[in-house]
Amino acid sequence: MSSNVGLSTPRGSGTSGYVQRNMSFLRPRDDIAPPRDLDDLKRHRPRAPDQSILEHDRKRQVEVACLQLQDELEDAGELDEAAIEERVQALREELLEKRSRDAGEGPVGGVRALKPHQVHELAAAKLVETERLRNALGISRDYEEGSHWKRQDEDRERRREARERQGSGNGGGGGGGGGRRRGRDRSASPA
């Protein structure tokens with residue numbers, strides 16, 4: 001055994017007494033940047049959905065519907081290629097225009113209709129839901145969580161400062177008022 005490391009004796013410990021370094025120990029690092037602003041970290045900011053991904057998904061859904069119509073018409077065999085292409089193009093234009101009108105409303109079946117892997121759609125639906133709830137409760141856009149407590153603390157601090165200013169204005173720090181109170185207390189108590 002060297003440098004007072006390990007057991008004084010391995011007897012009864014169930015080990016060989018061999019000492020080795022703990023490789024899972026995480027040493028503290030000094031080069032970590034301090035947090036920017038603690039108040040900024042406390043504020044909850046929902047993650048914004050990526051609009052390009054949402055637009056791509058909308059276009060993809062339109063193309064899937066167009067391909068399904070094209071397959072149905074080709075399987076029926078009643079129309080030639082030009083007529084099929086015209087119908088598919090008409091459906092594509094109709095669906096794209098409908099999707100562009102309904103883009104800001106969120107998913108058709110609500111949040112519950114979305115699957116867990118549809119992260120951006122869920123985020124967009126959550127933003128719409130949060131906005132509706134905020135409007136229903138009459139909460140302003142610039143509301144900051146916990147601001148009520150901050151206002152109460154500020155009011156309490158202002159009252160304390162006003163009392164201190166008022167007390168220092170008496171000339172003597174309020175000592176004379178305390179003496180009168182003591183005098184009244186003595187006269188009120190039976191001696």
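Index from 1, following the sequence.
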Visitor: For Ala123 versus Pro49, what's the shortest heavy-atom pair and its separation?
Guide: CB-CB, 4.0 Å

Visitor: Step by step, work out the salt bridge (charged side-chain N to carboxylate O under 4.0 Å, His left out) result for Glu55 and Arg58.
Guide: CA-CA 5 Å; Glu55 183 63 27; Arg58 283 188 210 108; 3.0 Å; yes

Visitor: Side chain to side chain donor-acceptor pair (under 3.5 Å) with Asn135: which residues, sequence neighbours excluded?
Guide: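 Asn135: no side chain to side chain donor-acceptor pair (under 3.5 Å) contacts found.
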
Visitor: Would you find a donor on one side and an acceptor on the other, under 3.5 Å apart, between the side chain of His120 and the backbone of Asp50?
Guide: yes

Visitor: Calculate, to the nearest 0.5 Å, the distance between atoms CD and CD belonging to Gln152 and Glu154 respectively.
Guide: 11.0 Å

Visitor: Do Val62 and Leu69 land in one hydrophobic cluster if side-chain heavy atoms of ILVMFWY residues count as linked below 4.5 Å?
Guide: yes

Visitor: Is any side-chain N of the basic residue among Glu161 and Arg158 closer than 4.0 Å to the acidic one's carboxylate O?
Guide: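 Not counted as a salt bridge, because no side-chain N and carboxylate O are separated by less than 4.0 Å.
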
Visitor: Calculate, to the nearest 0.5 Å, the distance between atoms CZ and CG belonging to Arg99 and Leu54 respectively.
Guide: 12.0 Å

Visitor: State, with a plain yes or no, whether a side-chain heavy atom of Arg134 is found less than 4.5 Å away from one of Arg141.
Guide: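 The answer is yes, as the side chains (C-beta and beyond) meet within the 4.5 Å cut-off.
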
Visitor: Are more than 12 heavy atoms from other residues, nucleotides or ligands located less than 6.0 Å from atom CD of Glu78?
Guide: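 At most 12 heavy atoms, drawn from other residues, nucleotides or ligands, come within 6.0 Å of this atom.
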
Visitor: Would Gln70 and Glu74 count as a side chain to side chain donor-acceptor pair (under 3.5 Å) if you check the C-alpha gap in whole Å, the side-chain angles of each, and the deciding distance to 0.1 Å?
Guide: CA-CA 6 Å; Gln70 185 176 355; Glu74 287 175 354; 3.3 Å; yes

Visitor: Roughly how far apart are Asp155 CG and Lys150 NZ, rounded to 0.5 Å?
Guide: 14.0 Å

Visitor: Counting only pairs under 3.5 Å, give me each side-chain donor-acceptor contact of residues 79-92, with atom names and distances, residues two or more places apart or in other chains.
Guide:
{"residue": "Asp80", "atom": "OD1", "partner": "Ala83", "partner atom": "N", "Å": "3.4"}
{"residue": "Gln89", "atom": "OE1", "partner": "Arg92", "partner atom": "NH1", "Å": "2.8"}
{"residue": "Gln89", "atom": "NE2", "partner": "Glu93", "partner atom": "OE2", "Å": "3.4"}
{"residue": "Arg92", "atom": "NE", "partner": "Glu63", "partner atom": "OE2", "Å": "2.8"}
{"residue": "Arg92", "atom": "NH2", "partner": "Glu63", "partner atom": "OE1", "Å": "3.1"}

Visitor: Below 4.5 Å, heavy atoms only, C-beta onward: do Arg160 and Arg156 meet side chain to side chain?
Guide: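 No - every pair of side-chain heavy atoms lies 4.5 Å or more apart.
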
